[in-house]
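A, B, ... follow the sequence lines: proteins, then strands. Residue 1 opens every chain.
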2 protein chains.
Amino acid sequence: MKTLRLTSGDRAILLHSRFFSRLARATVEAILADTTVSTHEEHDVLFREQERIDEVFFVLSGLVRLYRLGKDGREADVAVFQRGDMFGVNAMFLNHRATANAQAAEPSIVARVESRRLSQLAAEETDVAQALLEVVCHHGKMTEDCLADDRLLTAPQRVANYILSHCPNGSETFSFRLPFQKNVLAGKLGLAPEALSRAFSMLRPSGVVVKGRVIEIRNRQALEEF
Amino acid sequence: MKTLRLTSGDRAILLHSRFFSRLARATVEAILADTTVSTHEEHDVLFREQERIDEVFFVLSGLVRLYRLGKDGREADVAVFQRGDMFGVNAMFLNHRATANAQAAEPSIVARVESRRLSQLAAEETDVAQALLEVVCHHGKMTEDCLADDRLLTAPQRVANYILSHCPNGSETFSFRLPFQKNVLAGKLGLAPEALSRAFSMLRPSGVVVKGRVIEIRNRQALEEF
DNA sequence: GAAGTTGTTTGATCAAGGTCAATTTCCGGC
DNA sequence: GCCGGAAATTGACCTTGATCAAACAACTTC
């Protein structure tokens with residue numbers, strides 16, 4: 001892990017993020033005043049479950065996954081964060097304890113902000129507290145969506161939903177490129193990689209064609225009815 | 001649904017809740033100034049997924065479950081709230097849209113606070129915003145715990161964990177009474193009621209004895225090793 | 001272009017849990 | 001204590017997805 005400073009490109013990414021986008025420029029500058037940047041190889045662990053963490057994190061590039069470990073060594077992803085996403089913020093309000101392990105799923109660059117600084121600013125400005133609440137509620141909704149999908153849907157249905165969530169409205173046919181490896185998508189959807197492959201195969205008759213990372217949909221309605 | 005005012009007993013329940021317990025008395029009074037109370041029969045729906053809600057809710061007695069509906073009519077619980085618990089608060093920060101359906105799982109009494117009032121107070125006092133953040137992060141952790149448990153553990157393991165979380169530290173044998181019907185616990189653990197029954201049966205050799213709602217544990221260590 | 005490595009797909013098998021039905025147990029009212 | 005209704009348990013069967021293995025495809029390095 002190397003420690004650097006923010007570039008102007010990094011700043012632009014952060015300014016467009018969910019957390020920063022609604023904050024006044026002066027507030028943003030105050031938060032980012034001592035931000036550090038770290039680079040991580042794939043598989044690097046940023047923090048572990050139950051560990052004390054005193055920073056909040058933003059993905060500047062790459063991919064970070066949060067996962068829990070079972071007693072048998074198995075891992076279950078509970079969230080995946082891409083460029084611009086904030087993570088680790090809930091620890092500020094949970095006795096500074098991480099609720100999961102964080103690992104770079106690809107080579108990644110991560111910005112870190114001291115949570116003490118963020119707390120002080122949140123105590124001084126309600127906009128900061130409000131922005132934190134929005135991020136934390138958004139994360140909560142994502143987790144709740146996963147839980148409900150796991151409990152209500154089959155693997156092909158979950159994959160169909162994922163595909164449809166990436167489809168522009170009104171398009172009957174479309175294609176998009178997965179922003180990460182298929183085994184990362186499998187983890188995100190709570191599936192083994194083999195099960196994800198099988199799910200894509202089951203969707204083939206409904207017009208889904210897989211070409212490496214590119215997913216092509218030829219019949220949106222068939223997918224919606226899956 | 002009948003609409004009433006808070007009793008002093010209701011106030012006591014609220015004052016001990018996670019949200020109110022850290023707030024100054026004057027702040028609490030300001031929040032509770034126009035609180036209403038509603039009573040609900042079992043199966044009453046308080047709000048539906050995607051519905052606009054302009055209140056936050058507290059359980060004064062009974063039980064409220066949040067659930068999502070599948071296309072086939074099946075339901076998946078995503079949270080269960082007991083006396084003192086706050087719920088529906090995340091909607092304040094998610095465009096006032098409920099993320100799940102809320103239903104009384106038993107005859108219940110629920111306090112309602114206008115979320116506009118709460119927003120104003122949160123904007124004026126950082127303690128209120130901080131208390132909201134703690135509640136929302138706690139809810140998020142509960143959901144993440146469920147997701148991880150579903151993905152990592154078998155049904156008997158989930159039941160064993162639930163039992164152990166209700167066991168006083170240091171007790172080798174103990175018993176407790178479930179605060180709700182077994183079918184509610186099944187929903188909470190993401191199981192069909194039959195699967196819960198089977199899980200209890202599988203735990204019998206590990207010293208778990210079920211007598212109606214009373215669960216008796218005869219060998220804590222066996223349970224921990226399950 | 002070849003070789004090696006990693007990621008993905010497919011096959012076979014098995015375990016876990018859902019579903020439906022029948023039976024038993026528990027609980028509340030009288 | 002009895003009775004009726006609801007909840008819970010148990011049995012049988014089926015579906016889904018995990019696991020392990022083998023084969024194939026894609027990507028990177030030389």
Tell me: [atom1] of [X] to [atom2] of [N], nearest whole Å?
| X | N | atom1 | atom2 | result |
| --- | --- | --- | --- | --- |
| B:R151 | C:dA16 | CZ | C1' | 17 Å |
| A:D150 | C:dA16 | CG | C1' | 15 Å |
| A:M202 | C:dT9 | CE | P | 13 Å |
| A:F200 | D:dA25 | CZ | C1' | 16 Å |
| A:L152 | C:dG17 | CG | P | 17 Å |
| A:F226 | D:dT16 | CZ | C1' | 13 Å |
| A:K182 | D:dC27 | NZ | P | 10 Å |
| A:L189 | C:dT8 | CG | P | 13 Å |

Quiz item: Bend angle of the helix from C:dG1-D:dC30 to C:dC30-D:dG1 from five-pair axes at both ends, rounded to 10°?
Solution: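 Axis angle across the helix from C:dG1-D:dC30 to C:dC30-D:dG1, nearest 10°: 50°.
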Quiz item: Please, which pairs that meet ring pair (Phe, Tyr, Trp, His ring centres under 6.0 Å) have at least one residue in residues 173-215 of chain A, sequence neighbours excluded?
Solution: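 Every ring pair (Phe, Tyr, Trp, His ring centres under 6.0 Å) pair that includes a residue of residues 173-215 of chain A, provided the two are not neighbours, is A:H166-A:F176.
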Exercise. Name all residues meeting the side-chain hydrogen bond (donor to acceptor under 3.5 Å, both in side chains) criterion together with B:K182; count only those two or more places apart in sequence or in a different chain, and write none if there are none.
Key: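 Listed in chain order: nothing, the list is empty.
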Exercise. Mind checking side-chain hydrogen bond (donor to acceptor under 3.5 Å, both in side chains) for A:R68 and listing every partner two or more places apart, or none if nothing turns up?
Key: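 Expected list: B:E144, B:D145.
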Quiz item: Less than 6.0 Å separating the ring centroids of B:F58 and B:F20?
Solution: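 Ring centres of B:F20 and B:F58 closer than 6.0 Å.
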Quiz item: For residues 158-166 of chain B, which residues have at least one heavy atom under 4.0 Å from DNA chain C?
Solution: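 B:R158, in order of number.
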Quiz prompt | Polar side chain donor-acceptor pair, B:S197 to B:E194, under 3.5 angstrom | solution =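 No - no donor-acceptor pair under 3.5 Å links their side chains.
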Practice problem: Using only heavy-atom distances, determine whether the side chains of B:S38 and B:R112 contain a donor-acceptor pair under 3.5 Å. | Solution: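 Judged by distance alone, the side chains do pair up.
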Grab the N/O contacts between the protein and nucleotides 1-4 of chain C below 3.5 Å, and write none if there aren't any.
none

Checking [X] now: which residues fulfil salt bridge (charged side-chain N to carboxylate O under 4.0 Å, His left out) with it, not counting sequence neighbours?
| X | value |
| --- | --- |
| B:E216 | B:K211, B:R218 |
| B:R74 | B:D72 |
| A:D149 | none |

Self-check item: Of A:P156 and B:R204, the one whose closest DNA chain D nucleotide lies more 5'
Solution: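 Nearest-nucleotide comparison on DNA chain D picks B:R204.
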Exercise. Could you grab the distance from atom CE of B:M92 to atom CG of B:L132, nearest 0.5 Å is fine?
Key: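 Rounded to the nearest 0.5 Å, the CE-CG separation comes to 5.5 Å.
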Exercise. Search all heavy atoms of A:R151 against all heavy atoms of B:K188 and return the closest pair with its distance.
Key: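 Looking at all heavy atoms of both residues, the shortest contact is NH2-O, 3.4 Å.
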Self-check item: Lys/Arg-Asp/Glu bridge criterion (N-O < 4.0 Å) met for A:D85, A:R83
Solution: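 A:R83 and A:D85: not salt-bridged.
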Exercise. State whether B:D150 and B:R158 are salt-bridged, where the test is any N-O pair (Lys NZ or Arg NE/NH1/NH2 against Asp/Glu carboxylate O) under 4.0 Å.
Key: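 A salt bridge links B:D150 with B:R158.
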Identify each donor-acceptor pair in which a side-chain atom of residues 101-108 of chain B lies under 3.5 Å from a protein atom, sequence neighbours left out, and give them as a table.
unit_1 : atom_1 : unit_2 : atom_2 : d
B:N101 : OD1    : B:E49  : N      : 3.0
B:N101 : ND2    : B:Y67  : O      : 2.9
B:Q103 : OE1    : B:R65  : NH1    : 2.4
B:Q103 : NE2    : B:H43  : O      : 3.1
B:S108 : OG     : B:L63  : N      : 3.0
B:S108 : OG     : B:L63  : O      : 3.1
B:S108 : OG     : B:E106 : O      : 2.7

Practice problem: Do nucleotides 18-30 of chain C as a string where each nucleotide becomes B, S or -: B if the base has a protein heavy atom under 4.0 Å, S if just the sugar-phosphate does, - if no protein is that close. | Solution: SBBB-----S---
Quiz item: Using the ring of each side chain (for Trp, its six-membered ring), is A:H139 parallel, tilted or perpendicular to A:F81, with breaks at 30° and 60°?
Solution: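 A:H139 and A:F81: tilted rings.
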Self-check item: C:dT9 phosphate, OP1 or OP2, under 4.0 Å from A:S201 side-chain N/O
Solution: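 Result: no.
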Table of protein N/O atoms under 3.5 Å from nucleotides 1-3 of chain D N/O atoms:
none

